Every structure is written in structure tokens, then in C-alpha cells.
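These figures come from a predicted structure and were not determined experimentally.
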Amino acid sequence: MRDLLFRDVRILDPGTGRDERGDVLVSRGRISAIGRDVGKGLSGGDALEVIDGRGRWLVPGFVDLHAHLREPGEEGKEDIASGLRAAVAGGFVDVCAMANTRPVNDSRAITELMVARGRAAALARLHPIAAITRGLGGKDLTDVSELRDAGAIALSDDGRCVHLSSVMRRALQYARTFDVPIIQHAEDHALTEGAEMHEGAVATRLGLRGWPREAEDIIVARDCIFAEEARARYHVAHLSTRGAARIVAEAKSRGVAVTAEVTPHHLLLTHEAVVGYRTECKVNPPLREAEDVAALRKALADGTIDAIATDHAPHAKGDKDVEFAEARPGMIGLEICLPLLLGLVRDGSVPLMRLLSALTLGPARVVSLEPPRLVDGARADLVLIDPEARWTVARATLSSKSENTPFLGEELQGAVEATIVEGRVVHRRDEGRVVHRREEETS
Ligand code: DOR
């Protein structure tokens, strides 16, 4: 593995608040020097690759708490290798993979299989999230200790809510003993039966069955009470309502160990996007209203929301090219997450450092991963970003096996040029432009 020198790059580290131009040297998987003159006198060759950082940003690698990689069981939509390729194309170096695989990841065998497939891919690091209940059935708890020992980083029945109070209460108590976070898909199924989109004026207009905000809010409120009593770590998946944001803020202010994530699509789109019965906008929880979007942006900016998570949910064409009621919910997100969200920085909704923190330190903290940092001696997990590059989301630009995103065909500004995991370049967007080794060598 060659050493890497990023020359004259904008260094952004949310942990220290550092934002300055300089050189960053990476050797043997670690950041070995940072500063103005670090690269002086060094030139590229067999032992060192020099990367021109002019006009580029260098930031710590991203952590995704919520991705559906579909392996085992639905490898036609995605598998662990293709999902991790999509992840590194989006700047993610750690990916937590949800348990709603087929069969469900509720066993040591599946957790171990996922860990092994992740290692074999040798791209981003994969962390399985195991189920809270067997078969996502909502009744019998899985064996936390066994799953944790096999490599599970957290527990979640995502896709389904742990609905029964008796089960959720016990799950939190049990997880507390093993210090494993419980991630809840907050949806009171009694309020969402047959629901196809957010309950509101658009649903009425389209004649679609509505999913009210309260279905999310009451589960989050109930769970915060359980988490407080159990002194357990409770995390809200894909938080989508203004009410849930308020409940989380209030619980946090009382010292409850609650954390929350938000997806790019809930930060950017409203239920209006569904007009035209656009199945690519069908997602669970559903796209909400402008006031929810505003509350989510504010909660992200003020730290109520800890993390951005993609909820990357690949689906086949046949799952989406059907009537709205029949369409499967979900959209892909790993590769477009950063460029989509840079728009929020440009329009002043979220400061850049806060956005980077919610992609790195925030999620790492939720699942107790080593904090991604761009400091001397840190593990070299890095993302090189061209903030000006413009590109169009298209089948040909995606590494995912699926293309179910409402942003298909859209031109985005900002691109991940290279992703480095433990000092190894695992993704390059455009070899000719990113790497200037040949010019360096001949000069
Ligand atoms: O839209 C969604 N799709 N929400 C979920 O919670 C599950 C996911 C999936 O697995 O497709």
C-alpha cells in the first residue's frame, strides 16, 4: 500500500473545528502529518501517491447507520459487495446493515455471514444490525449476547415497529445489560394499516390512505419513557415528524440516552412529491409536510438530531412499476447523500461543519464506533470532495444494483472524488482528474 499525500487541500474536521488549507500525509493506514509544509520536497513515485487537493475538501469518512443491503435473500436488488461499492462511492467508510433480510438476521449464522461478506468485499466496513425480535415478529426477543458476540452493532426490527409495549420495554432492559443500542422504526401499525402516504391534503386529493404523524410520535414518546426507566440507549430511525423531533429534544434535555437520525429525503422532499402517483416517492415513513421539513432541518442544525442516515432501500423495477398501493416503499441513497445535502449548506439551512458532524461523529457515537477524525495519528478514513463538480444521477453513474430514487435524472452539485479506508483508496470517481501521480513523476 502506497503512502498518500493530499497537497494543498481544504482540511475540514468537525471534531476539532479545523478548517484550513494544507497538506495531509497518510502512511501505513494512518494520518502521519498535517500542515502547510508537510508535502514540501516530496514527489510521487512507487512509495508515494500525490493527490492534487486544489479546489477540493478533505473530510473524515462517513458512517451510515441505516442501509438495506438485501443480502441474504434479495441479491437481485443489492448484495453486500454492490451495496458497499455504492457506499464508498458516497464517501461512507462504515455501513450498518439492517436486519430485514430474507431470512431475517436474527441469528448468529446470518450475522457472521454478513460480517464475512463485508470483509471479503474489502471496501467500507460492514456492521450488521440484528433483529430485536425473531423473524421481526414483534414477540420473541433474540439473543442479544450471542448476536453481539457474532458482530451485531445494534438491534432493530426496522421495516416493522416493535409494537407491543411489553416487548419493547423488555428489549430495552435487556439491551441495557449488554450496552447495545435499540433502534426503533416508530410506527403504530394500528394507525397506519393500509396507509400509502402521509395523511394530509395531498393524500385526500390523490385518494390515497394516510399515515398520520401521531403514529410515529406516540411510539417515540412511549419508548423515551421506557428508555429513561431502563437507562438504555434508544435510537429513533428515520425520524420524520416535527412532533417526534420535539419529543426527542425534550427527552434529551432530561438526560435520557435517546438519539435520532434523519434521511436526506425527509430533509428535502414533502408529500407534494408524490403527486402524479410517483411510486419512487413512496417510502416508510412517508414524505411529510413543509413544516416537518423545516423542523427536521432545525433539529439537525441544533443537534437534536444526531445523525444523517441514508435508509438506502434498493428495490427492483417490478416493485415500483406498479400501482401506488402495490409499490414497495423505499429509495436508494448512499451515492447521492452528500451532494443532495450540500444544497442545504449552500442555502444556509445547515452549517457545513454541522452537516459533516452528522455524517461522521454523530452516527459513530450512536453505535460506539471509533470517532472519524482528521487529526495526526488518526486512522486514515477520508473523503476527498469536489464541491463544484456537477453530475447527473443516472443508471450509468450508480454503483448500486437498483435505481429507485426520485432524484434520477437530476443534476447535483458536489461529488465524492475519492474514498480512503484505512489508508487504502477504495473509490475514485475519475482517475485522470483525481490522481496527478503521472505528472508528478515526470516533472
Ligand atoms: O421505506 C422503507 N423501506 N422503509 C423501511 O423502513 C424499510 C425499507 C425497506 O426495507 O425497503
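- For Lys252, the NZ atom sits in a packed shell: over 12 heavy atoms of surrounding residues, nucleotides or ligands are nearer than 6.0 Å.
- Under a 4.0 Å N-O distance rule, the pair Arg428/Glu417 does not qualify as a salt bridge.
- Side-chain N/O atoms of Asn404 and Glu280 include no donor and acceptor closer than 3.5 Å.
- For the residue pair Thr142 and Arg134, no side-chain donor N or O sits within less than 3.5 Å of a side-chain acceptor on the partner.
- No side-chain N or O of His235 forms a donor-acceptor pair with one of Gln184 less than 3.5 Å apart.
- Without hydrogens or angle criteria, Asp292 side chain to Arg242 main chain gives a donor-acceptor distance under 3.5 Å.
- Between Arg30 and Glu422, none of the side-chain N atoms (NZ, or NE/NH1/NH2) sits under 4.0 Å from a carboxylate O, so this pair counts as no salt bridge.
- The two atoms that bring Ala186 and Val220 nearest to each other are CB-CG2, 3.6 Å, heavy atoms only.
- Side chain of Ser402 to backbone of Lys77: a donor-acceptor contact under 3.5 angstrom is found.
- For the residue pair Ser240 / His266, no side-chain donor-acceptor distance below 3.5 Å is found, with atom types taken as modelled.
- For Lys282 (side chain) and Ala325 (main-chain N/O), a donor-acceptor pair under 3.5 Å exists by modelled atom type.
- Side-chain atoms of Glu272 never come within 3.5 Å of backbone atoms of Val202 as a donor-acceptor pair (strictly under, hydrogens ignored).
- Taking the six-membered ring for Trp, His68 and His312 have ring centres at least 6.0 Å apart.
- If you check the side chains of His198 and Glu289, you find a donor sitting under 3.5 Å from an acceptor.
- For the pair Thr133 (side chain) and Gly137 (backbone), a donor-acceptor distance under 3.5 Å is present.
- Salt-bridge annotation for Arg10 and Asp19: present, with a side-chain N of the basic residue lying under 4.0 Å from a carboxylate O of the acidic one.
- With respect to Asp386 and Arg56, a salt bridge is recorded, a charged nitrogen being found less than 4.0 Å from a carboxylate O.
- Of the possible polar contacts, one joining the Thr241 side chain to the Ala244 backbone as a donor-acceptor pair under 3.5 Å is found.
- For the pair Arg297 (side chain) and Leu267 (backbone), a donor-acceptor distance under 3.5 Å is present.
- In the model, His66 has no side-chain atom that pairs as donor or acceptor with a side-chain atom of His238 under 3.5 Å.
- A side-chain donor-acceptor contact under 3.5 Å links Glu187 and Thr192.
- Enclosure of atom CZ in Arg119 is not indicated, since only 12 or fewer non-hydrogen atoms of other residues, nucleotides or ligands lie within 6.0 angstrom.
- Contact between Ala124 and Val421 at its shortest, heavy atoms only, is CA-CG2, 4.5 Å.
- Asp94 and His127 form a side-chain donor-acceptor contact under 3.5 Å, judged by distance and modelled atom types alone.
- Of all the heavy atoms in Ile332 and Pro314, the pair that sits closest is CG2-CA, 3.6 Å.
- Between Asp381 and Arg424 there is no salt bridge, since no side-chain nitrogen of the basic residue lies less than 4.0 Å from a carboxylate oxygen of the acidic one.
- Under a 3.5 Å cut-off, the side chain of Ser349 and the backbone N or O of Val345 do not form any donor-acceptor pair.
- Side chains of His315 and Lys320: a donor-acceptor N/O pair is absent below 3.5 angstrom, by distance only.
- In terms of heavy-atom proximity, Ala203 sits nearest to Glu199 at CB-CA, 4.4 Å.
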